[in-house]
Amino acid sequence: EEAESAPPEQPSMLVEMHLWSVARAFTMMAPFLKTYSTYCRGYTRAIAQLPAVFRAVPQLATLQAENGNEGLDSLLIRPVQRLCKYPLFFGEITRALGGGGGGGGGGDLLRAELAAVSAALERVNGEVNAQSARAAEGQRLVALHHALGGALPALLAPTRALLVDVDLRVTATRRPT
């Protein structure tokens, strides 16, 4: 009876099969998760439109109240939050599997596969973050272009990068002599 209640040292064959399936699914899906960068680029603009949407469709407020008053903005950011949690999830599974018996075999291969999936998802996160940062930088350049009255069209060249973004206040102007 004691042997039945003691936790197993190694995952069962069925658990390993399920973990292999999950790892394989994420390996196949990882390249497609890069589209989250497009989603992130539009998030701020979408959130800014929510008040107008709620005014135009009053039923949304009722629907939101019926679902625990969770804001639509919070629901819209969830996919991005989930993307950040995937590598943590696979890292935890890998650690939970432990070092195994050291004799090689399926357990070691599974841990290596799960670690590879975690690393691939970390790379996707990095790419999504970098693309989102470039998009935000481009939006700041467009705003600067408009603030300058469109006087510097070369500011919007695709090769331009915003290196410093500071607020300045001019207190006096001096004309060259």
Side-chain angles (χ1 to χ4, degrees), residues 22-95 112-177:
V22 170
R24 181 62 34 214
F26 271 86
T27 298
M28 291 174 15
M29 288 301 297
F32 298 100
L33 295 175
K34 293 176 186 177
T35 60
Y36 275 90
S37 60
T38 303
Y39 186 91
C40 291
R41 281 195 304 267
Y43 176 77
T44 305
R45 192 176 40 228
I47 296 304
Q49 297 298 317
L50 284 179
V53 170
F54 271 85
R55 282 192 301 277
V57 185
Q59 299 89 338
L60 284 177
T62 304
L63 184 62
Q64 184 173 320
E66 290 172 357
N67 289 295
N69 276 329
E70 185 168 11
L72 193 51
D73 56 337
S74 135
L75 293 172
L76 288 172
I77 198 63
R78 275 204 189 141
V80 178
Q81 292 170 334
R82 198 168 292 124
L83 179 65
C84 296
K85 290 180 181 181
Y86 291 147
L88 300 173
F89 169 73
F90 282 101
E92 285 298 315
I93 291 175
T94 303
R95 282 187 288 286
E113 180 70 16
L114 291 169
V117 170
S118 182
L121 291 169
E122 284 285 350
R123 284 190 301 277
V124 168
N125 279 342
E127 290 176 33
V128 168
N129 289 339
Q131 288 177 12
S132 296
R134 282 193 299 275
E137 180 181 294
Q139 289 173 346
R140 288 194 307 270
L141 281 172
V142 169
L144 180 60
H145 173 72
H146 289 300
L148 295 172
L152 299 171
L155 188 62
L156 299 180
T159 56
R160 292 282 182 197
L162 186 62
L163 300 178
V164 178
D165 188 4
V166 296
D167 291 325
L168 297 175
R169 186 178 65 174
V170 177
T171 57
T173 56
R174 188 179 75 180
R175 295 184 187 249
T177 56

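The chain is numbered in sequence order, starting from 1.
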With sequence neighbours excluded, residues passing side chain to side chain donor-acceptor pair (under 3.5 Å) with Ser37: Gln131
Atom pair CD1/CD of Ile47 and Gln49 - distance to nearest 0.5 Å: 10.5 Å
Least distance between heavy atoms, Leu121 atom then Ala30 atom: CD2-CB, 4.3 Å
Student check: side-chain heavy atoms of Leu50 and Asp73 closer than 4.5 Å: yes
Validation row: Phe90, Val22 side chains within 4.5 angstrom (heavy atoms): yes
Distance, nearest 0.5 Å, that separates CZ of Arg140 from CG of Leu144: 10.5 Å
Minimum heavy-atom distance between Leu114 and Ala23, given as atom pair plus value: CD2-CB, 3.8 Å
Where Pro153 and Ala151 come nearest, the two heavy atoms and their spacing: CD-O, 3.3 Å
Selection residues 37-72 - residue pairs positive for ring-ring contact (aromatic ring centres under 6.0 Å, His included), sequence neighbours left out: none
Heavy-atom pair with the smallest gap, counting every atom of Pro87 and Cys84: CD-O, 3.5 Å
Acceptor/donor pairs from residues 76-83 side chains to any protein atom, 3.5 angstrom cut, sequence neighbours excluded:
from  : atom 1 : to    : atom 2 : distance (Å)
Arg78 : NH2    : Glu70 : OE1    : 2.9
Arg78 : NH2    : Glu70 : OE2    : 2.3

Partners passing salt bridge (charged side-chain N to carboxylate O under 4.0 Å, His left out) against Arg24 (at least two apart in sequence or in another chain): Glu113
Partner set under salt bridge (charged side-chain N to carboxylate O under 4.0 Å, His left out) for Glu137, not counting sequence neighbours: none
Spacing of CG belonging to Asn129 relative to CD belonging to Glu127, to within rounding of 0.5 Å: 10.5 Å
Min side-chain heavy-atom separation Ser118-Thr94 under 4.5 Å: no
For Glu66, side-chain contact (heavy atoms from CB on, under 4.5 Å) partners two or more places apart: Thr62, Leu63
